[in-house]
Amino acid sequence: MSLPRLLSLPAVLALTAAALLTAGCAAGPGAQAPTSSADPSSSVTASADGAVGAFSDIEAVWLDGGRGLAVVTWGSSSCPPEVAEVSANEQRIDITLAGSAEKACTDDLAPRALYLDVPDGVDVSKDVELRVAHGARTDHLDLDALAETPPERDGQPQASAGWFEDDGIVLLTWGSSSCRPVVESVEPAADGARVSFQNVDGVCTMDFAPRATPIILPDEVERDRRPFTLTLTGGGLDAKVRVE
């Protein structure tokens with residue numbers, strides 16, 4: 001098996017920044033963000049073998065203009081689940097999560113976001129049902145229809161962001177999978193929020209992968225502003241991204 005090629009950090013940051021500079025436009029003022037809702041009958045249940053672990057809530061949000069989506073779970077920040085399988089049947093997407101490869105997990109409770117492309121045949125201009133299986137538990141969620149089907153991507157994929165709670169945002173960026181963005185701080189800004197990221201020190205694998213980063217807004221950020229913009233700084237992510 002050949003080892004992944006390594007790219008110098010400046011080159012990776014330049015590649016990521018190029019994708020961010022053209023971050024897409026969001027819906028206009030007053031437009032509602034896509035919503036999702038978990039099955040109210042769901043309860044916190046660990047998987048039979050403990051592989052996935054228990055979490056109390058699950059959400060989903062459109063990203064990349066409807067070309068992809070993110071599933072958000074809450075649990076140990078050091079042991080996020082992984083997407084094991086995805087399939088689609090008309091307007092239903094079945095997602096199976098697998099446990100983290102880590103055997104020891106930190107005892108915290110944090111949002112973890114998993115990105116996946118929307119399977120072929122699913123019409124995002126109509127409501128979409130998600131069935132997310134993780135261990136012995138299955139959650140049913142609904143994603144509201146988008147205004148239109150996204151056009152074919154022209155050039156590199158762009159950064160995007162979407163609401164998953166009143167104070168929760170998933171930010172989608174593209175770059176090295178081994179140098180994922182790490183949020184350092186979130187502060188109020190005139191048009192939304194300023195998000196600072198830790199600067200990466202070292203080398204990164206030379207792939208170009210989607211990275212879904214959950215962001216929780218502090219109380220002092222005005223969340224009702226529309227359009228809402230994230231101003232990204234640090235970590236090679238200097239750009240503005242509209243939250244859809």
Side-chain angles (χ1 to χ4, degrees), residues 1-24 61 63-65 67-84 86 97-106 108-117 153 155-162 164 168-187 189 192-217 229-244:
M1 179 183 297
S2 60
L3 294 174
R5 291 181 295 170
L6 295 181
L7 184 66
S8 66
L9 179 59
V12 170
L13 297 184
L15 182 61
T16 305
L20 283 166
L21 287 177
T22 54
V61 59
L63 291 171
D64 197 19
R67 299 180 185 89
L69 60 91
V71 173
V72 181
T73 64
W74 289 78
S76 172
S77 60
S78 65
C79 294
E82 301 172 352
V83 177
V86 179
L97 303 183
S100 170
E102 297 292 334
K103 294 183 178 180
C105 303
T106 54
D108 60 345
L109 184 66
R112 298 89 52 92
L114 297 169
Y115 175 83
L116 58 140
D117 292 322
R153 182 180 288 118
Q156 288 185 328
Q158 303 171 4
S160 62
F164 69 89
I169 296 171
V170 177
L171 170 67
L172 174 65
T173 60
W174 300 79
S176 172
S177 59
S178 67
C179 294
R180 302 180 66 86
V182 178
V183 176
E184 191 168 60
S185 65
V186 182
E187 301 173 336
R194 178 181 297 273
V195 186
S196 299
F197 295 87
Q198 295 181 9
N199 289 318
V200 182
D201 184 16
V203 293
C204 305
T205 52
M206 199 181 71
D207 56 347
F208 195 66
R211 294 95 53 92
T213 304
I215 297 170
I216 300 298
L217 301 178
T229 300
L230 295 179
T231 301
L232 313 181
T233 63
L237 299 177
D238 298 301
K240 285 183 173 290
V241 180
R242 306 272 296 273
V243 183
E244 301 180 13

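Arg194 meets the salt bridge (Lys or Arg N to Asp or Glu O under 4.0 Å) test with no other residue; sequence neighbours excluded. Contacts of Ala212 classified as side-chain contact (heavy atoms from CB on, under 4.5 Å), with partners at least two apart in sequence or in another chain: Ala113, Tyr115, Val170. With sequence neighbours left out, Arg153 forms a salt bridge (Lys or Arg N to Asp or Glu O under 4.0 Å) with Asp64.
Inter-residue side-chain proximity for Ile216 and Val186 is flagged as unmet; no heavy-atom pair is nearer than 4.5 Å. Here the side chains of Ile215 and Val195 are in contact, with some heavy-atom distance below 4.5 Å. Contact of the Pro214 side chain with the Arg112 side chain is not registered, since no non-hydrogen atoms from C-beta on lie closer than 4.5 Å. A heavy-atom distance below 4.5 Å is found between the side chains of Val243 and Leu230. Under the 4.5 Å side-chain criterion, counting only non-hydrogen atoms from C-beta, Thr73 is in contact with Leu97. With a 4.5 Å cut-off on side-chain heavy atoms, Arg211 and Leu237 count as touching.
Shortest non-hydrogen contact noted between Arg242 and Thr229 is CD-OG1, 3.4 Å.
Just one of Val183, Asp238, Val182 meets the side chain to side chain contact (heavy atoms under 4.5 Å, CB included) condition when paired with Phe197; it is Val183.
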task: Give the intermediate values and the outcome of side chain to side chain contact (heavy atoms under 4.5 Å, CB included) for residues Leu232 and Leu171.
output: CA-CA 10 Å; Leu232 313 181; Leu171 170 67; 4.0 Å; yes
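Not a single donor-acceptor pair under 3.5 Å links the side chain of Ser77 to the backbone N or O of Ala110.
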